[in-house]
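Since the structure comes first, as structure tokens, the remarks are kept for the end.
All heavy atoms count here, side chains included; hydrogens, waters and symmetry mates do not. Lettering follows sequence order; numbering is per chain, from 1.
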Protein chains: 2
Amino acid sequence: MSLNEKITIADIAAHAQVSKSTVSRVLNETTPVAADKREAVLAAMAALNYKPNVFAQSLASGQSLSIGVLTQNFGSPVYDVIMRGVLLGLEETPYSPLFADGRWQPETEQKAIETFLDRRVDGLILIGGYCPEEVLVETARRTPLIIVGREVPGLHNHCLNVDNEQGAYAITRYLIDLGHQDIAHITGILAHEDAAQRLQGYRQALLDVGIEPHPDLVIEGNFRRQSGMMATEMLLLRGRPFSAIFCANDQMAFGARLALYRRGIRVPDDVSLVGFDDQPDSAFMTPPLTTIRQPAEEMGRMAAMAVLQLIKGGSPDLPLFQTELVIRESVSRHH
Amino acid sequence: MSLNEKITIADIAAHAQVSKSTVSRVLNETTPVAADKREAVLAAMAALNYKPNVFAQSLASGQSLSIGVLTQNFGSPVYDVIMRGVLLGLEETPYSPLFADGRWQPETEQKAIETFLDRRVDGLILIGGYCPEEVLVETARRTPLIIVGREVPGLHNHCLNVDNEQGAYAITRYLIDLGHQDIAHITGILAHEDAAQRLQGYRQALLDVGIEPHPDLVIEGNFRRQSGMMATEMLLLRGRPFSAIFCANDQMAFGARLALYRRGIRVPDDVSLVGFDDQPDSAFMTPPLTTIRQPAEEMGRMAAMAVLQLIKGGSPDLPLFQTELVIRESVSRHH
DNA sequence: GCTATTTCTGAAACCGATTTCAGAAAATGT
DNA sequence: ACATTTTCTGAAATCGGTTTCAGAAATAGC
């Protein structure tokens with residue numbers, strides 16, 4: 001567009017016959033400016049194709065107009081959707097997101113947070129993660145902070161969560177209502193609140209109809225496909241019969257699906273299979289996976305709004321998001 | 001850590017009994033500094049837990065130490081891996097990536113590029129996209145630019161690609177060698193070079209063994225799961241028999257898989273199915289998908305290195321990346 | 001031992017904005 | 001019509017660094 005990339009506020013001031021201060025004022029609308037000068041400035045900016053230097057702005061104003069967003073894994077189905085939500089939520093605001101990947105390693109996470117702070121982000125959104133709670137509490141003291149998918153004691157009003165227990169309860173109940181009694185559960189990493197809550201929902205659903213959950217039917221996975229596969233094999237090995245498997249996320253359901261396929265066990269004819277998350281490709285499993293949808297994009301959006309509110313000094317209220325049962329074809333009535 | 005976040009270079013200077021200039025010099029290693037002063041400065045920085053203000057640095061130096069990375073879709077299996085590669089490639093450098101999502105919309109893309117330029121990124125990595133070629137050429141003139149997954153005329157030495165034709169040729173040939181003669185192909189969006197190249201590889205492989213590609217067996221998809229499903233249904237409707245389907249990417253293969261499942265057509269017993277990309281979940285398709293792997297992470301890494309070289313004034317040479325046939329279980333010998 | 005280099009160093013200008021402050025101009029009150 | 005308030009405006013300081021420039025100190029040359 002222009003070869004000379006060096007148009008500064010001084011050029012505009014000169015061109016419009018006003019002072020730099022005035023230019024700054026029409027730029028930021030901090031103080032009213034007489035209509036004619038205002039027009040002149042606007043015209044000059046348009047004529048010279050002026051773009052303010054973000055660094056000068058940030059240095060002078062102390063604001064960076066950026067929000068740090070820390071995910072745990074680029075390519076994780078659910079987190080990616082949350083990130084997209086954040087992106088969307090920030091779209092019409094002056095703020096831009098800065099993304100980083102914590103790779104589920106506390107050290108990496110903390111380094112990323114430090115980097116964000118060094119870059120003077122105005123706010124921080126953390127999605128999941130293992131970062132120690134003290135660090136989070138400390139960080140929240142220094143910076144507007146929203147945490148998605150974790151529940152940190154003492155930071156309740158900073159945490160945005162989905163009702164995991166309710167979701168797990170609902171899908172377990174759905175299986176029960178279709179006649180299943182022996183329902184296996186492959187959990188996530190139980191150190192994560194969400195995994196623990198899903199396990200709790202599963203147990204409660206069983207208990208509520210008078211079924212005592214059997215320890216042989218519960219096995220801990222790590223949320224990854226591979227672990228779903230191995231857990232299923234382990235389950236089969238243990239020998240305690242079951243007619244359905246509830247995986248704590250869809251990725252593990254994919255793993256379970258493969259293990260069953262390898263053994264020639266049909267889904268849903270021989271074993272019913274359900275997951276949690278409703279990640280984008282779950283509708284394309286063979287058979288399409290019945291699962292629990294979490295409003296991930298909506299949560300990302302909300303996280304963005306919330307962090308902006310925190311920046312403005314408000315204190316957003318963060319609802320517990322509700323899940324939805326998505327019925328597809330991986331479950332059949334128990335016979 | 002510290003309540004007083006305002007430690008500046010002046011504080012360090014005072015504490016170490018030197019001038020600001022000297023502090024700056026030990027910080028940037030631009031000019032040698034006497035050992036004793038150097039130590040004093042380092043000690044002061046450590047004692048006061050000094051963090052340079054990135055904005056001041058960028059403003060003064062004219063460098064932002066950031067690289068803009070434009071993907072087309074957070075959550076796209078292949079692009080996400082490329083992004084991770086970029087992240088890794090930048091890891092040990094002073095540069096940080098800024099990510100944006102073009103959503104496959106030229107306007108969004110261009111806006112994102114403008115935003116990057118406003119933020120004075122030192123370099124730009126574009127992954128895929130529809131942005132008009134003139135814009136790209138212009139952008140490359142202004143800023144170090146690397147484009148992954150597109151071949152833009154006039155910007156050959158800025159484009160990082162995989163040998164799509166070779167990959168498509170190899171996997172088609174693999175099918176042929178197993179006795180398949182009637183091989184359907186669901187293409188990507190043919191306006192994309194990569195889709196066109198994959199189609200070309202498919203055709204060439206057939207022609208090389210004396211098979212004339214039949215137009216009824218080629219159908220254009222759009223790289224998405226849904227389109228793989230619809231294309232397969234269309235293929236079935238057309239009535240021309242085939243024993244294998246080659247999808248231009250794995251996502252469409254998932255769609256095709258579902259369409260076949262719905263019709264009760266077995267994979268690979270009745271129809272063999274192959275894809276392209278080897279996205280992370282392809283190993284967990286039922287049956288696991290035979291496909292072509294592209295070294296996506298490696299490409300992201302290389303893109304990062306290359307853009308850094310461009311920034312330094314070098315001109316990196318960008319190899320055409322080679323693909324690899326990944327044999328799994330979705331193909332059987334034709335009988 | 002004295003000049004010619006080389007190596008370090010600090011003062012001051014600069015990067016491109018924002019913001020304070022005080023004064024000028026305009027609007028208001030009576 | 002004159003004092004008082006309210007609105008606008010520009011000069012100058014500031015944000016926190018980097019970089020130029022010229023001089024001081026140290027080293028080398030002969």
Side-chain angles (χ1 to χ4, degrees), chain A residues 2 4-42 44-45 48-66 94 96 117-122, chain B residues 2 4-42 44-45 48-66 94 96 115 117-122 311:
Chain A
S2 50
N4 50 340
E5 279 298 351
K6 304 156 189 309
I7 298 142
T8 76
I9 201 170
D11 300 318
I12 304 299
H15 195 279
Q17 314 254 49
V18 298
S19 71
K20 296 192 323 179
S21 323
T22 302
V23 177
S24 171
R25 289 195 258 261
V26 343
L27 207 52
N28 300 295
E29 303 184 323
T30 49
T31 304
V33 167
D36 54 339
K37 313 218 175 207
R38 183 192 173 69
E39 291 309 320
V41 169
L42 257 19
M45 298 203 300
L48 302 181
N49 185 31
Y50 168 70
K51 299 295 181 75
N53 181 311
V54 191
F55 302 121
Q57 288 190 137
S58 296
L59 176 58
S61 70
Q63 302 201 321
S64 65
L65 294 185
S66 60
S96 322
L117 262 21
D118 288 354
R119 297 218 158 225
R120 305 292 201 277
V121 293
D122 293 331
Chain B
S2 51
N4 50 337
E5 279 299 349
K6 303 157 189 307
I7 298 143
T8 77
I9 201 171
D11 300 318
I12 304 298
H15 196 279
Q17 314 254 50
V18 298
S19 71
K20 294 190 329 180
S21 324
T22 301
V23 177
S24 172
R25 289 195 257 263
V26 342
L27 209 50
N28 300 296
E29 302 183 324
T30 49
T31 305
V33 168
D36 54 340
K37 312 217 176 205
R38 182 192 173 67
E39 291 309 320
V41 169
L42 257 19
M45 298 201 301
L48 302 181
N49 184 32
Y50 169 69
K51 298 295 181 75
N53 181 310
V54 190
F55 301 122
Q57 289 189 137
S58 297
L59 176 57
S61 70
Q63 302 199 323
S64 65
L65 296 187
S66 60
S96 323
T115 305
L117 262 22
D118 288 354
R119 297 218 158 224
R120 305 290 201 277
V121 293
D122 293 330
I311 290 172

Find every protein N or O atom lying less than 3.5 Å from an N or O atom of nucleotides 17-21 of chain C, and list the pairs.
from: dA17(C); atom 1: OP1; to: Tyr50(A); atom 2: OH; distance (Å): 2.7
from: dA17(C); atom 1: OP1; to: Asn53(A); atom 2: N; distance (Å): 2.6
from: dA17(C); atom 1: OP2; to: Ile9(A); atom 2: N; distance (Å): 2.5
from: dA17(C); atom 1: O5'; to: Tyr50(A); atom 2: OH; distance (Å): 3.3
from: dT18(C); atom 1: OP1; to: Asn28(A); atom 2: OD1; distance (Å): 3.2
from: dT18(C); atom 1: OP1; to: Asn28(A); atom 2: ND2; distance (Å): 2.7
from: dT18(C); atom 1: OP2; to: Ser24(A); atom 2: OG; distance (Å): 2.5
from: dT18(C); atom 1: OP2; to: Asn28(A); atom 2: ND2; distance (Å): 3.3

Partners meeting side chain to side chain contact (heavy atoms under 4.5 Å, CB included) with Ser66(A) (sequence neighbours left out)
Ser64(A), Leu98(A), Val121(A), Arg119(B)
Applying side chain to side chain contact (heavy atoms under 4.5 Å, CB included) to Ala16(B) and not counting sequence neighbours gives Val18(B), Ala40(B), Val41(B), Ala44(B)
Spacing between Gln63(A) atom CD and dT14(D) atom P, to the nearest angstrom
21 Å
Identify, with sequence neighbours excluded, every residue that meets side chain to side chain contact (heavy atoms under 4.5 Å, CB included) alongside Ser24(A).
Ile9(A), Asn28(A)
Residue pair Ala35(B)/Leu59(B) against DNA chain C: nearer the 5' end by closest nucleotide is Ala35(B)
Sequence-distant partners of Thr22(B), side chain to side chain donor-acceptor pair (under 3.5 Å), two or more places apart:
Ser19(B)
From CG of Asp36(A) across to C1' of dA26(C) the rounded distance in Å is 13 Å
Looking for any heavy atom pair under 4.0 Å, which part of the strands does Thr31(B) touch: base, sugar-phosphate only, or nothing?
base
According to salt bridge (charged side-chain N to carboxylate O under 4.0 Å, His left out), does anything in residues 50-64 of chain A pair up with another residue at least two apart or in another chain? List the pairs.
Lys51(A)-Glu114(B), Lys51(A)-Asp118(B)
Between Glu29(A) (CD) and dC8(D) (P), how many Å, whole number?
14 Å
With the side chain defined as heavy atoms from C-beta on, Thr22(B) is closest, among dC8(D), dT9(C), dG10(D), to dT9(C)
Between dG16(C) atom P and Leu48(A) atom CG, what is the distance in whole Å?
15 Å
